[in-house]
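A quick write-up on the structure given underneath.
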Amino acid sequence: MSTPDCLFCRIVAGEIPATVVRETPTTLAFRDIDPKAPVHVLVVTKEHYADVATLGQGDPALAGELLATAAAVAGDEGLLGDGFRLMFNTGGYGGQEVFHVHAHLLGGAPLGPMLARSMA
Ligand code: AMP
Ligand code: ZN
């Protein structure tokens with residue numbers, strides 16, 4: 001179901017423009033407006049889920065379709081050889097800003113350590 005105030009629901013609906021790189025019946029992949037790497041694509045489900053925890057528990061098959069789309073985009077963008085990072089920011093501590101589940105696909109250069117800060 002679409003959530004009218006949700007930015008990514010509006011992109012899915014075509015109400016806000018985005019640079020779409022892949023579309024399936026259930027998922028959409030588009031370039032991040034503020035890229036943090038040479039390749040930075042967001043992969044979303046067309047159906048609104050707030051985050052990956054809600055999606056993973058609510059519709060595991062759809063979560064798999066999201067991963068399949070991310071893998072296909074990684075191939076299209078030439079990332080499979082050198083590698084890439086796929087991540088879901090979730091909730092406050094995870095730094096999530098848009099509460100419609102999205103995978104960040106990052107690549108095209110070495111991405112450095114997984115987190116800016118170590119536990120030490
Ligand atoms: P997160 O912090 O994981 O919720 O990430 C939200 C991401 O959405 C950020 O990387 C933003 O740069 C990106 N973003 C925000 N608005 C847009 C937009 N209109 N089109 C594409 N990406 C966007
Ligand atoms: Zn939404």
Side-chain angles (χ1 to χ4, degrees):
M1 185 154 59
S2 174
T3 303
D5 291 339
C6 170
L7 174 63
F8 290 170
C9 280
R10 297 190 69 194
I11 287 177
V12 168
E15 295 169 8
I16 292 175
T19 304
V20 172
V21 297
R22 181 171 281 263
E23 181 170 11
T24 73
T26 56
T27 66
L28 190 71
F30 54 90
R31 297 202 188 279
D32 196 291
I33 203 167
D34 181 18
K36 310 294 191 301
V39 175
H40 188 173
V41 171
L42 302 177
V43 187
V44 308
T45 57
K46 289 183 175 176
E47 189 174 351
H48 181 91
Y49 284 90
D51 57 36
V52 71
T54 313
L55 172 64
Q57 294 207 308
D59 193 339
L62 180 57
E65 290 172 30
L66 187 151
L67 287 184
T69 297
V73 174
D76 291 344
E77 299 286 331
L79 304 181
L80 296 180
D82 287 329
F84 58 90
R85 186 169 294 158
L86 188 67
M87 61 181 204
F88 294 88
N89 295 328
T90 306
Y93 278 16
Q96 186 175 5
E97 293 176 352
V98 179
F99 286 82
H100 178 131
V101 64
H102 53 282
H104 292 261
L105 174 66
L106 296 153
L111 297 167
M114 189 169 67
L115 296 174
R117 194 161 58 89
S118 75
M119 293 291 287

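Ligands are counted one by one from 1 in listed order, and the atoms in each one are counted from 1 as well. We count residues from 1, following the sequence as given.
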Got an N/O contact under 3.5 Å between [X] and ligand 1?
| X | result |
| --- | --- |
| H40 | no |
| L42 | no |
| F30 | no |
| H104 | yes |

Tell me, do F88 and L55 make a side-chain contact under 4.5 Å, heavy atoms counted? no

Less than 4.5 Å apart, any side-chain heavy atom of T54 and any of V101? no

Using a strict cut-off of 4.0 Å, indicate which atoms of ligand 1 neighbour a heavy atom of [X].
| X | value |
| --- | --- |
| N89 | 1 (P), 2 (O), 3 (O) |
| F8 | 8 (O) |
| D34 | 12 (O) |
| R31 | 21 (C) |

Distance to 0.1 Å, residue and atom name: give those for the protein heavy atom nearest to [atom].
| atom | answer |
| --- | --- |
| atom 7 (C) of ligand 1 | D32 OD2, 3.5 Å |
| atom 1 (P) of ligand 1 | H102 NE2, 3.2 Å |
| atom 4 (O) of ligand 1 | E97 N, 2.7 Å |
| atom 2 (O) of ligand 1 | G95 O, 3.1 Å |

For the Zn ion (ligand 2): the N/O/S atom of H100 at shortest distance: ND1

Measure from the Zn ion (ligand 2) to every N/O/S atom of H48 and report the name of the nearest one.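 For H48, the N, O or S atom at the smallest distance from the Zn ion (ligand 2) is ND1.
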
By the rule that ILVMFWY residues connect when side-chain heavy atoms come within less than 4.5 angstrom, directly or transitively, which residues belong alongside L111?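 ILVMFWY cluster around L111 also holds M87, L106.
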
Please step through side-chain contact (heavy atoms from CB on, under 4.5 Å) for the pair F30 and I11, ending with a clear verdict. CA-CA 9 Å; F30 54 90; I11 287 177; 3.9 Å; yes

Where do L105 and A74 come nearest, in terms of heavy atoms and distance?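 Where L105 meets A74 most closely, the heavy atoms are CD2-N, 3.7 Å.
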
Could you go through the side-chain contact (heavy atoms from CB on, under 4.5 Å) check for F84 and V73 one step at a time? CA-CA 11 Å; F84 58 90; V73 174; over 6 Å; no

Out of curiosity, F99 CZ to L7 CG, how far, rounded to the nearest 0.5 Å? 12.5 Å

Do the ring centers of H104 and H102 come within less than 6.0 Å of each other?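 Yes, the ring of H104 comes within the 6.0 Å limit of the ring of H102, centre to centre.
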
Considering only heavy atoms, which of L7, L106, I33 lies nearest to atom 20 (N) of ligand 1?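 Residue with the shortest heavy-atom distance to the ligand atom: I33.
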
Donor-acceptor list for residues 14-23 side chains, cut-off 3.5 Å, not counting sequence neighbours:
residue, atom, partner, partner atom, Å
E15, OE1, R10, NE, 3.1
R22, NE, D76, OD2, 3.2
R22, NH2, D76, OD1, 3.4
R22, NH2, D76, OD2, 2.9
E23, OE2, K46, NZ, 2.7

Could you check whether any side-chain N or O of Q96 sits under 3.5 Å from a backbone N or O of A50, counting only pairs where one atom can act as donor and the other as acceptor?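 Yes, because the side chain of Q96 sits within donor-acceptor range (under 3.5 Å) of the backbone of A50.
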
